[in-house]
Student: 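The structure is given below, and queries will be raised subsequently.
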Amino acid sequence: MPYELWIGSRYAGLTRAKGRGKNRDRFVSFIAGSSMAGIALGVAALIIVMSVMNGFQVDVRDRMLSVLPHIQLFNPQVDALSALEDWQSLATEAEKNPDVVGASAFVASSGMLARGNVLKGVEIRGLDPANEGKVSELPDQIIRGSLDSLQPGTFNMVIGQTLANHMGVNVGDTLLVMSPQGSINPAGFTPRMRQFTISGIFSSGHYEYDSSLAFIAARDGAVLFRNMGLAGVRLKVKDMLEAPEVANQLMFSLPQGIVARDWTQDNRTWFAAVKTEKKMMFLILALIIAVAAFNLLSSLVMAVKDKQSDIAILRTLGASPAEVARIFLVQGSLIGIVGTFMGVFLGCLVAYNIDVIIPFIENLFGIHFLDPSIYFVSQLPSHPEVSDITAVGLTSLVLSVLATLYPSWRASRLQPAEVLRHD
């Protein structure tokens, strides 16, 4: 083993000294250990936070797409009834694309639900229950009633569990639905209204949709909304992440006037905000590692000062300035490497088991970290990504190596005669 590596590992506290030097190395080993612990905690914290943010994004996205379609095809210039008559031919044309695995009719508009003194604005979606299972997981999310009850002419409705609790209704109760389209008479504007019967309640696990979505039969929706609603075809693709590319392909193959809108366009603002927040969180938490790197720098400066006599003796024995510098480069690099690997191990341990750790803490202290009405989810998700873990590890290693440069240069500049004269 090169003596620079042996001495550097000894100063880093990774090897033990024998004899009289044992007690002298305790202080250096202590400050090296504190620097190592600081780097490890910074790396672990950054990995855990990035994994939770990834999990939050993936969990919300998957819950969104369990209800929402990957792609919607519609002609904004055609009224809902006319578009609904021609949805099958449009679906057949779209299914020629090998990435499309399911299609179903839809009608979409906004409306107002009323029961007694309670009013609630909602998004109302008309659907075909026979084909809905091909494009979403809604049939599996029904907790009371049945989705098959949404037959044309029955004017039945399936709503989210949160919305049902807010309106104070259950299966079999009725709600008054008001359309934004209406008629003008001497008394003023009168919206089109229709009474619907609650025939089912669903729970997607996404607070926003459970509290603001209502489903009816597609033809009932076309009759109710007429010119105010959009109607067309909902599509499901093999890979949800490829939906934008598939939508672009369909735009060239479908008749002129048909618009293909994918799920990323409907939720672009939310995902852009999460992406920006993730970048800023990485920069902010990377400062923890930077602080640990400054701690490493100060500990190495103290180590150089404490080991001045040892450096002078090495120089008198023939060690070159470059060899002395390598000793402290080895010391700082070993602290950074060991601290980084400890942090990666601890961060991955927590990130991959956060579904067990967080419930244990919540039960132990009787607290709840996430309010579903604010965060859309009720449990803390985690989705560690290798790219994020690698970026965090490399950032820590680079900052650790940079922190060793100045102390190493300073050690190489010490003059043996000056040091020994004052020792």
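Each residue takes its place number in the sequence, starting with 1. Source: prediction; values computed, not measured.
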Student: If you take all heavy atoms of V301 and P407, which pair is closest and at what distance?
Tutor: CG2-CG, 4.0 Å

Student: May I ask you to test the T390-L394 pair for a side-chain heavy-atom distance under 4.5 Å?
Tutor: yes

Student: So, S253 side chain and L250 main chain: donor-acceptor pair closer than 3.5 Å or not?
Tutor: yes

Student: Which pair of non-hydrogen atoms, one from A222 and one from L84, has the smallest distance, and what is that distance?
Tutor: CB-CD2, 4.0 Å

Student: For K278, which residues count as a salt bridge (charged side-chain N to carboxylate O under 4.0 Å, His left out) partner, sequence neighbours excluded?
Tutor: D388

Student: Of the non-hydrogen atoms in S412 and A325, which two are nearest, and what is the gap between them?
Tutor: CB-CB, 4.0 Å

Student: Report the distance from atom CZ of F282 to atom CG of L287, rounding to the nearest 0.5 Å.
Tutor: 10.5 Å

Student: Output, in order, the C-alpha distance, side-chain angles, deciding distance and verdict of side chain to side chain donor-acceptor pair (under 3.5 Å) for N97 and Q249.
Tutor: CA-CA 8 Å; N97 189 302; Q249 295 173 1; 3.1 Å; yes

Student: Find out whether M157 and V177 are in side-chain contact, i.e. whether some heavy atom of one side chain is under 4.5 Å from a heavy atom of the other.
Tutor: yes

Student: For F341, look at atom CZ and say whether over 12 heavy atoms of other residues, nucleotides or ligands are found less than 6.0 Å away.
Tutor: no

Student: At their closest point, which heavy atom of D86 faces which heavy atom of S89, and how far apart are they?
Tutor: OD1-OG, 2.7 Å

Student: Starting at CD1 of I216, measure out to CZ of F225 and round the result to the nearest 0.5 Å.
Tutor: 5.0 Å

Student: L334 and M36: side chain to side chain contact (heavy atoms under 4.5 Å, CB included), yes or no, with the steps?
Tutor: CA-CA 9 Å; L334 286 176; M36 197 179 298; over 6 Å; no

Student: Rounded to the nearest 0.5 Å, how far apart are CD of Q161 and CD of Q141?
Tutor: 11.5 Å

Student: With sequence neighbours excluded, what pairs up with T162 under the side chain to side chain contact (heavy atoms under 4.5 Å, CB included) test?
Tutor: Y207, D210, S211

Student: Check whether any side-chain N or O of N295 sits under 3.5 Å from a backbone N or O of V291 as a donor-acceptor pair, and report yes or no.
Tutor: no

Student: Is the closest side-chain heavy-atom distance between S212 and E123 below 4.5 Å?
Tutor: no

Student: Given side chains that start at C-beta, do those of I335 and Q331 come closer than 4.5 Å, heavy atoms only?
Tutor: yes

Student: Is there a side chain to side chain donor-acceptor pair (under 3.5 Å) between D173 and N170? Walk through the geometry before answering.
Tutor: CA-CA 6 Å; D173 295 333; N170 208 331; over 6 Å; no

Student: When you look at CZ of R115, are more than 12 heavy atoms from neighbouring residues, nucleotides or ligands closer to it than 6.0 Å?
Tutor: yes

Student: Test side chain to side chain contact (heavy atoms under 4.5 Å, CB included) on Q151 and N156; report intermediate values, then the result.
Tutor: CA-CA 8 Å; Q151 298 300 323; N156 288 330; over 6 Å; no

Student: Answer whether the closest heavy-atom distance between the side chains of F74 and I258 falls below 4.5 Å.
Tutor: no

Student: Restricting to salt bridge (charged side-chain N to carboxylate O under 4.0 Å, His left out), what partner residues turn up for R125, sequence neighbours left out?
Tutor: none

Student: Rounded to the nearest 0.5 Å, what's the gap from CH2 on W263 to CD on Q72? Could you check?
Tutor: 13.5 Å

Student: So which atom in A103 and which in K134 form the shortest heavy-atom distance, rounded to 0.1 Å?
Tutor: O-CD, 4.2 Å

Student: Under 6.0 Å between ring centres: does that hold for F202 and Y209?
Tutor: no

Student: Decide yes or no on side chain to side chain contact (heavy atoms under 4.5 Å, CB included) for M167 and L163, but give the supporting numbers first.
Tutor: CA-CA 6 Å; M167 301 298 295; L163 179 58; 3.9 Å; yes

Student: Could you check L90 against L254 for side chain to side chain contact (heavy atoms under 4.5 Å, CB included), going step by step and ending with a plain yes or no?
Tutor: CA-CA 8 Å; L90 186 60; L254 294 175; 4.0 Å; yes

Student: Show, in sequence, the C-alpha distance, side-chain angles and deciding distance for S136 and E132, and conclude whether the side chain to side chain donor-acceptor pair (under 3.5 Å) test is met.
Tutor: CA-CA 6 Å; S136 77; E132 185 62 23; 2.7 Å; yes

Student: Any side-chain heavy atom of V259 within less than 4.5 Å of one from P76?
Tutor: yes

Student: Would you mind reporting whether V135 and P69 have side-chain heavy atoms less than 4.5 Å apart?
Tutor: no

Student: If I compare all heavy atoms of W87 with all of N131, which pair ends up nearest, and what's the gap?
Tutor: CH2-ND2, 3.7 Å

Student: Show me the side-chain donor-acceptor pairs of residues 235-247 shorter than 3.5 Å, one per line, residues at least two apart or across chains.
Tutor:
{"from": "K238", "atom 1": "NZ", "to": "P98", "atom 2": "O", "distance (Å)": "3.3"}
{"from": "D239", "atom 1": "OD1", "to": "L241", "atom 2": "N", "distance (Å)": "3.1"}

Student: Within the structure provided, determine whether L127 and L147 are in side-chain contact (heavy-atom separation under 4.5 Å).
Tutor: yes

Student: Starting at CD1 of I159, measure out to CD1 of I124 and round the result to the nearest 0.5 Å.
Tutor: 11.0 Å

Student: What's the separation between atom CG in L399 and atom OG1 in T395, rounded to the nearest 0.5 Å?
Tutor: 6.5 Å

Student: List the residues meeting side chain to side chain contact (heavy atoms under 4.5 Å, CB included) with S400, not counting sequence neighbours, and say none if there are none.
Tutor: I39, L296, S396

Student: Please lay out, stage by stage, how S51 and S382 fare under the test side chain to side chain donor-acceptor pair (under 3.5 Å).
Tutor: CA-CA 5 Å; S51 299; S382 178; 4.5 Å; no

Student: Considering residues at least two apart in sequence or located in another chain, which fulfil the side chain to side chain contact (heavy atoms under 4.5 Å, CB included) criterion with V171?
Tutor: R144, I201

